[in-house]
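These notes are about the structure you will find just below.
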Amino acid sequence: MDHRPQAWGRPRDDVYGAYDASYLHTDGPKTATQSPIVTGTSVIAIKFKDGVVIAADNLASYGSLARFTDVKRLRTFLSTSVVGFGGDVSDMQFLDRHLNELAIDEAYEHDIVSTGAEADQPTGSAAGQLNAANLHKYLAKLMYRRRSDFDPLWNQVLVAGFDAQAKPFLASVDLRGTTFTSPSLATGFGAMLAQPIMRRFAATEEDAARLTRDEAVNVVKECMKVLFYRDARSLDRYSIAVVTKEGVELSEDEQLEKQSWAFAERIRGYGTQVV
Amino acid sequence: MTSIGTGYDLANSIFSPDGRNFQVEYAVKAVENGGTSIGIRCKDGVVLAVEKLVTSKLLKPNANKRIATVDRHLGVVYSGMIPDGRHFIERARDEARAWRDTFKTPIATADLASRMGGYMQAYTLYQSVRPFGITAIVGGFDSAAETPVDGEVGNGPACGAGGKVAGKTHGGPFLYMIEPSGLYWGYYGAATGKGRQAAKAELEKLDLGGPGGPALTMEEAVKEAARILYVAHDDDKEFELEMTWISGADGPTKGAHHEVPKALREEAERLAKQAQEEKMEE
């Protein structure tokens, strides 16, 4: 029997073999996030003539388990921009706190336009304050830095708002720091399922500039329905935000309406059909 | 001055035999030379105002702001040595941020006042430092609503975060004044700087400390603040008026600390000047 204090509480070597302390070693390859754990699925967004519509469902999945059903994945920034997060939820929380700090720092330096009367300034913003384009650039640098450290934030993010010319702005950045922009954007499964539908309505910037608010909202709602039909990690409750110069209208408890599962009858290969 | 020549004022952290710290008293003198600052705690928020003495015609009007935002819901104004005030603000911002990092929730006005009071007091204890040459007025509006924790993703429990006593009011407007000694009290209305005597006399006339809480609304307080600073102002020098306010979530600033809109400030200044003229005629 080994009576030395350092052996107290340890499994006996003669019974269990030598203790494997390799996990305590700090040398060797550094490991960071290798895969996301709790995840959110698609975020979709489309520009219209006066702003941007963005939506994401309220589900956070743990693998294939629909674990959390009231998760808000759209975050407003300075009440002028909206950031939609797909991917890891804890990394989203980290980014949300970080953006919150950034927004407070902004309040130190700038004062708010309370009426929106000043030319080309969205209501609730101040001259020189971070707009959506600035915010997207900032997030892109942050994501790229983290991937270069081999410690990526496992998200794909859509940023919706206005640029310095007060034009509707929509852009994406992913965990590798890759950025792109388009009149409509979707992350995750949405890139396959929703993007083609949105392109039918806004293939080019000119098309998007002709789209009305109601049309854009309807397209997004239709896309959310298609995503719920076909994406097994999605939910019928979702959040939708409309960003205009008057500010952000965010609704976090929307329910998919007028679902029709008739198409499911014709699908063969999974489900309850025997033949 | 009784302190001169006794030697007890030559270093910070040395008491005189009759129990005074002369360095702290000299710091108070520095405050008494600064432009007047006032804070008013109203029914629906807090108003902060400062008399900014124009030291040079080469300074851009309305640039160089004196009232600072510490967190969304917190503002600070001070009289005395401006660089000391700047450092005070920097520290207050660090405290507010550290609080958020730890507790994931905004710092309460009382907690910020407590921490900053402790910070100022530490500068009366050591040979290597001198006390702050400022008196700071800290205003804030603590949200009474169930606020989401920073970074929260879901709704949280239906009963809320807890910690609230039934029948007791939580949150609301708060006002504190911190002196160079580190002493701080909560106030209904606070004034410091050159014109503090006149300003305090005027503040005492307002309905701020009634049994049902202050009766004054923020809009009224903005006008009163402008009037008080005009009353307290020493006539032969030029000055600028800077005013900020903090309302609750349903008020004009939606719980945040913002500058008073230009139109309202100009209206308040017009009324203040008018009141001055009427007084002159009497």
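Naming: A, B, ... by sequence-line order, numbering from 1 per chain.
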Check your understanding: Any idea which of T253(B), I89(B), T244(B), D71(B) has the most non-hydrogen atom pairs under 4.5 angstrom with chain A?
Key -> D71(B)

Show the atom names and distances, to 0.1 Å, of all donor-acceptor pairs under 3.5 Å that link a side chain in residues 47-61 of chain B to residues at least two apart or in another chain.
| residue | atom | partner | partner atom | Å |
| --- | --- | --- | --- | --- |
| E51(B) | OE1 | T36(B) | N | 2.8 |
| E51(B) | OE1 | T36(B) | OG1 | 3.0 |
| E51(B) | OE2 | H233(B) | ND1 | 2.4 |
| K52(B) | NZ | N64(B) | O | 3.2 |
| K52(B) | NZ | E240(B) | OE1 | 3.4 |
| K52(B) | NZ | E242(B) | OE1 | 3.0 |
| S56(B) | OG | L58(B) | N | 2.9 |

Review point. In terms of heavy-atom contacts, does CD of Q255(A) have more than 12 from other residues, nucleotides or ligands at under 6.0 Å?
Key: yes

Point to revise | NZ/K254(B): more than 12 non-hydrogen atoms of other groups inside 6.0 Å | key: no

Exercise for review: Could you tell me which portion of R93(B) (side chain, backbone, both or neither) has an atom closer than 4.5 angstrom to a non-hydrogen atom of chain A?
Suggested key: both

Study note, to complete from the structure: Shortest non-hydrogen pair, Q93(A) vs E152(B), comes out as NE2-CA, 4.5 Å

**Study point:** Atom group of K65(B) that falls short of 4.5 Å from chain A, counting heavy atoms
**Key:** neither

Review point. Above 12 or not: heavy atoms from other molecules or residues under 6.0 Å from NZ of K104(B)?
Key: yes

**Study point:** Distance, nearest 0.5 Å, that separates NE2 of H73(B) from CD1 of I104(A)
**Key:** 9.0 Å

Exercise for review: Give, for atom CG of N100(A) and atom CZ of R72(B), the distance between the pair rounded to the nearest 0.5 Å.
Suggested key: 4.5 Å

Practice item. Anything in residues 56-73 of chain A with a heavy-atom distance to chain B below 4.5 Å? Please list those residues in order. Key: D70(A), V71(A), K72(A)

Practice item. Might you confirm whether atom OH of Y144(A) has over 12 heavy atoms from other residues, nucleotides or ligands at distances under 6.0 Å? Key: no

Check your understanding: What residue in H98(A), E252(A), M92(A), R75(A) has the most heavy-atom pairs under 4.5 Å with chain B?
Key -> R75(A)

Exercise for review: To the nearest 0.5 angstrom, please state how far the CD atom of E101(A) sits from the CZ atom of R100(B).
Suggested key: 9.0 Å

